[in-house]
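When a residue number appears, it is its place in the shown sequence, counting from 1. Below, all heavy atoms of this structure are taken into account, side chains as well, without hydrogens, waters or symmetry copies.
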Amino acid sequence: MSSIVSTPFATATGAQKKLGAPTKPEVRRVVPPEGDSSRRRVPRVKVVYVVLEAQYQSSVTAAVRELNADPRRAAEFEVVGYLVEELRDEETYKTFCADLADANVFIGSLIFVEELALKVKAAVEKERDRMDAVLVFPSMPEVMRLNKLGSFSMSQLGQSKSPFFQLFKRKKNSGGFAESMLKLVRTLPKVLKYLPSDKAQDARLYILSLQFWLGGSPDNLQNFLKMIAVSYVPALKGADIKYDDPVLFLDAGIWHPLAPTMYDDVKEYLNWYGTRRDANDKLKDPNAPVIGLVLQRSHIVTGDDGHYVAVIMELEAKGAKVIPIFAGGLDFSGPAQRYLVDPITGKPFVNAVVSLTGFALVGGPARQDHPKAIAALQKLDVPYIVALPLVFQTTEEWLNSTLGLHPIQVALQVALPELDGGMEPIVFAGRKSHALHKRVEQLCTRAIRWAELKRKTKEEKKLAITVFSFPPDKGNVGTAAYLNVFNSIYSVLQDLKKDGYNVEGLPDTAEALIEEVIHDKEAQFNSPNLNVAYRMNVREYQTLTPYASLLEENWGKPPGNLNSDGENLLVYGKQYGNVFIGVQPTFGYEGDPMRLLFSKSASPHHGFAAYYTFVEKIFQADAVLHFGTHGSLEFMPGKQVGMSDACYPDSLIGNIPNIYYYAANNPSEATVAKRRSYANTISYLTPPAENAGLYKGLKQLSELISSYQSLKDTGRGPQIVSSIISTAKQCNLDKDVPLPEEGVELPPNERDIVVGKVYAKIMEIESRLLPCGLHVIGEPPSAIEAVATLVNIAALDRPEEGIYSLPNILAQTVGRNIEDVYRGSDKGILADVELLRQITEASRGAITAFVERTTNSKGQVVDVTNKLSTMLGFGLSEPWAQYLSKTKFIRADRGKLRTLFGFLGECLKLVVADNELGSLKLALEGSYVEPGPGGDPIRNPKVLPTGKNIHALDPQAIPTTAAMKSAKIVVDRLLERQKADNGGKYPETIALVLWGTDNIKTYGESLAQVLWMIGVRPVADTFGRVNRVEPVSLEELGRPRIDVVVNCSGVFRDLFINQMNLLDRAVKMVAELDEPAEMNYVRKHAQEQAQELGVSVREAATRVFSNASGSYSSNVNLAVENASWTDEKQLQDMYLSRKSFAFDSDAPGAGMREKRKAFELALATADATFQNLDSSEISLTDVSHYFDSDPTKLLQGLRNDGRAPSSYIADTTTANAQVRTLSETVRLDARTKLLNPKWYEGMMKSGYEGVREIEKRLTNTVGWSATSGQVDNWVYEEANATFIEDEAMRKRLMDTNPNSFRKLVQTFLEASGRGYWETSEENLEKLRELYSEVEDKIEGIDRWLDIEMES
């Protein structure tokens, strides 16, 4: 029987291990001593092992040396070990195969990376029958099937009849496979011992092997090797080799390097802790913070625990008590509950928890159970930090890498713990468990600072609220996507004040708050208008900012000329009691065209560093709250993920807990903030969407079409059609719809076609969703404001949940398929356009009726659940049924409607819930904030309610099957459209963009589009993870493989580096297929480029590009926003120099390498550019990212024939996916946003911030003129008529935010000066006069303020 002991063979070993040089398997090779004539000749047993991490190295080496040194030995052992990641290197893989060729035994454990698992399988399979034993412990099924121990095998694993298959099935309440294995390990040997057959004995020895392996100590491993040798190596049959049963350690418990034993009872541990003689005075303080640590048992039992010891010692030296718990399986939720929570009071013993495993709380690298993990962490209710040791690279490789962490480790040990609500992925140890002392210090200090939030009183807590000013123009303080920043801050501060925080001197209104922070709304950087909260002299700055000297290379000696008065560095902001509201400085180089051309971004400037030094060291904030999406901190240079102490985000945030309000629809940039600036990101709602509606001439058109439908067969038909044609031309619809000449007589069927096309266009404009106004934190939408969102949620089929879309249900009622109606409407078939309008109207009406029934007289939603249960199932009294009974859709399927409205009722509850303020308060009190996905609430209502700790998704889960299906539709439409516009020819190359957020929201649709263009499909592994692709045959594809040039945004690169790896492998695979050039454009171009560059075809097929690691955007956006560019060539150079860094799947850990020539050659073959729009909140002119990534004009210059490429935009914001040209999309955007009274009046309601939003849309329109030349003149003319010629509007803009109005006027003049807008001299003269008038007004205010200040 196995004996249980509670202390492993050694404690505190390896605390002082040195940094490891790059490891090679040779360091894990142990050979019996040669040339000793006194040694007895005995059979030699060769063992080869492959593991995930290096913790077994010292144990195995010690075990084998001891066996070989035994004078009575009956066998000698040669052992060599490989880390699975090393097998990626071809030379190492060859050595591995050579080692297997004469090995007796193979051992594998925790092999979960598919491409490497397949390499192990291929190598071992060749030798399996010859080898004496093959033992594989928890790994992917493909590798587990290699097991062979006498008659015991797992060859049926993964087939339902196999007993082990049950282990792989996801179990509701267990940590999955590894947990089940452990239960087996504990019970099976006892049962199997008494079964007579050899089969049972072989199975028993397999389980004993697993016990020895999990025991991990040199003694256990010695006995393991003896047992396998004597039982299965033929030369040792009957030899006199005795072995002991496994010595078992606790499966789970509490371990401390100085404790005499492992503990299974937290009270016993705490008793020992309280009586320690070595404890310092701080540790004896009953109020000392207590940190729970989560450790991997294998590191403890193998004695590979130096990194754990270092963290424990550092925490204790800083005055924190520790409760270090471990578990042998991969489910830590039970032990966390058992050892970290007081069983009597139910309160946690700890103030914060730090996992040092790097794994998800439940399931480790295999299958995760996030809901179970979240439930356990909610009971603990403390901040949860997941730090990580390096697994796939050495310390040197990590330090030298611009990438930071290896892509596979990011997927397994950063992305997955985030789904549990884990924060702060700090690398604290190297591969061989040596502690990285500066990182350990950062980790421990930050953990204690989070724990302090749990212990300090509200009155004494200090909070630094940080707002942004971007671009740095006078009207821009308090910029954030979709957020009314100052109203939100005001609402947060009032709430905190009620709650007991010290917010002394808070003014009476949000407007007064703006005045005080920036004196007046004319926030001007280089003048004293912003309130100066602190002047920091140079000596103080240098003393308190250890990295200040590193900034001099980019910015010269401090104080420099940014955020400085020439002598001191200035910190702008205003303090109210214990709350400081500060303005984060900007990058500092946005106005300098030369700096914008640098391929890598500059360091932060002195003023930027001084701001964070002030917050941490002088104001001494307990937490910083970054307010809204987004600032510059998380985009400062440094590694992509896994910061070192030389990375600027890490240096700047220092030791301050970082809480960050982020828009719920932007999980990708939120994730960058989380990983690079250690933010606890809390989501806020984007403003409720409304339909764009119709106005002016468009409204008139709609009325004319209604008349036509009722009178078309009378004599008035032709006359109405000619009015429709002339009004459509006045509305500039002739660019979107082919209109006949006015006065031409049309036959009736052609009249219907013309009217149908115009009708389809204005319906498209009318139904487009747009967010109206700006959101205020703590003010959820009213129910009626939520109607448009619900209508759009209801417009999508959700087959996985058995929910049919409302348009689909209604179309079926009249015997139609909704897809056919969409197609007919797109073609302009009048009857289909009309039917679609009726369906849209009936959807809105039915949902409005439903929402009205769940609200009270004030328009607030009341108890949806009760209201729903009274509605569901009462036939005609159901409000939607009552509404539909008055329409042609009276026979709609009741059952399907009931299911749909049940779901919509749940969604309505989520839309109107208000957690944003509550979650902020939880974070400030040092509690756990529940995690949740970010994304588009219409596609994924699980994004709601907001106020969650926002995360992205498991990067290996995309693209999903559904995304692949949607992608095929879009790609086929894109290619059809390009053929139609291009004389029936396929495009040879498409240049396109991949965005982080879009791929999260759509589960990888645009990624899937690239795969379908080149003709490959993703292949998922046993766990549903996508790490492999296979080519689709040309027969199945039915067209040539289209070449691609993929420009990945910097955020996509950070989040989806694995998918870049997948794409690069896919493109290279396609380039190497033996296919004719006219059917494989990837191969055709790669062969031509290989010749020109003098490289292999594989290298020439480089198609996946982005910025250099730690840099973001092409800077074209910064140049346009700040008008700091001279000509278009300069913008194109920025794009080429910043975006020409390639990813190479043949060296995935190396990061991004500059390959400008390859980039230019690939772009020169492009016939079309392509981007995706995937959600209604963000369109082409809402943000500057889209034109920042647009190479349309650049391609024309690079192409040999100088022809302008076509430009397309796929729009999947509605169920009816569209592919439009770029110019069509820009027009649609202008009509629905910039020129639409509903939109700009909604913005004007937000006052100061609203004016800025209007100006931003015009600036972004100029950006499109600059990069693509696809903006029509009338867009500028109409905008000028709306905002400048209309005197009342002009006055409102000027009075509300004079600085943003000045920028608006300046942008009109710039559009004309750069040749993008042809207009009358009279208009230009008017603009020039306005400009000096607004200048005088601002100067006047400034002068008046200076006098006020002096007096």
Side-chain angles (χ1 to χ4, degrees), residues 475-476 478-488 491 510-511 514 521 628-629 663-665 684-696 698-699 765-792 844 848 851 859 911-912 937-938 946 1175-1183 1213 1228-1261 1275 1278-1279 1281-1284 1286 1288-1297 1300-1301 1304:
N476 279 342
T479 354
Y482 318 103
L483 195 62
N484 189 324
V485 172
F486 281 106
N487 281 13
S488 295
S491 126
E511 286 67 33
I514 299 182
K521 295 169 192 166
T629 305
N665 68 349
Y684 62 83
L685 203 56
T686 47
E690 289 182 38
N691 296 103
L694 297 172
Y695 54 93
K696 298 182 186 162
L698 296 170
K699 197 165 184 180
I765 295 166
E766 189 279 337
S767 62
R768 195 149 180 89
L769 273 195
L770 42 105
C772 277
L774 298 168
H775 178 63
V776 174
I777 299 276
E779 285 183 20
S782 70
I784 291 304
E785 286 174 328
V787 165
T789 303
L790 287 178
V791 169
N792 280 275
R844 289 176 194 169
T848 306
V851 169
V911 174
V912 300
I938 289 167
T946 45
S1175 84
S1176 53
E1177 297 135 334
I1178 310 180
S1179 193
L1180 289 188
T1181 57
D1182 292 325
V1183 290
T1213 57
L1228 181 61
D1229 225 31
R1231 288 179 176 123
T1232 50
K1233 298 252 173 83
L1234 186 65
L1235 306 176
N1236 182 355
K1238 192 171 189 178
W1239 180 82
Y1240 59 71
E1241 288 300 343
M1243 284 302 167
M1244 290 301 289
K1245 281 187 194 130
S1246 298
Y1248 164 74
E1249 269 118 339
V1251 181
R1252 180 175 64 223
E1253 291 292 324
I1254 293 169
E1255 174 271 307
K1256 192 167 100 180
R1257 296 306 180 293
L1258 186 72
T1259 300
N1260 291 343
T1261 305
V1275 172
E1278 295 274 328
T1282 306
F1283 301 111
I1284 304 296
D1286 178 334
M1289 172 56 87
R1290 193 168 68 219
K1291 186 173 182 332
R1292 281 165 70 199
L1293 294 167
M1294 176 129 50
D1295 293 348
T1296 312
N1297 186 339
S1300 287
F1301 180 63
L1304 186 79

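With hydrogens and angles ignored, the 3.5 Å screen pairs a side-chain donor or acceptor of N792 with a backbone N or O of A788. Remark: the backbone N or O of I1284 is paired with a side-chain donor or acceptor of R1290 at under 3.5 angstrom. Side-chain atoms of D1229 come within 3.5 Å of backbone N or O of T1181 as a donor-acceptor pair.
Put simply, the side chain of V776 reaches to within 4.5 Å of the side chain of N487, judged on heavy atoms. Side-chain contact between R768 and S1179 is present, with heavy atoms from C-beta onward closer than 4.5 Å. With a 4.5 Å cut-off on side-chain heavy atoms, D1295 and F1301 do not count as touching. Under the 4.5 Å side-chain criterion, counting only non-hydrogen atoms from C-beta, L769 is in contact with I938.
Counting only N and O atoms by type, the side chains of N691 and S767 include no donor and acceptor under 3.5 Å apart.
A salt bridge does not link K1245 with E1241: every distance from a Lys NZ or Arg NE/NH1/NH2 to an Asp or Glu carboxylate oxygen is 4.0 Å or more. Salt bridge annotation for R844-E766: present, with a cationic side-chain nitrogen under 4.0 angstrom from a carboxylate oxygen. Remark: E1253 engages K1256 in a salt bridge, criterion side-chain N to carboxylate O under 4.0 Å.
I777 and S488 make their closest contact through N-OG, 3.0 Å (heavy atoms, listed as atom of the first residue, atom of the second, distance). Contact between A663 and Y482 at its shortest, heavy atoms only, is CB-CD1, 4.2 Å. Scanning both residues, K696 and T1282, for their nearest heavy atoms gives NZ-OG1, 4.2 Å.
Each of L694, I765, V1275, N1236 was scored for a side chain to side chain contact (heavy atoms under 4.5 Å, CB included) with R1231, with one residue passing: I765.
Using cut-offs of 30° and 60° on the angle between ring planes, the pair H775 and Y684 is parallel.
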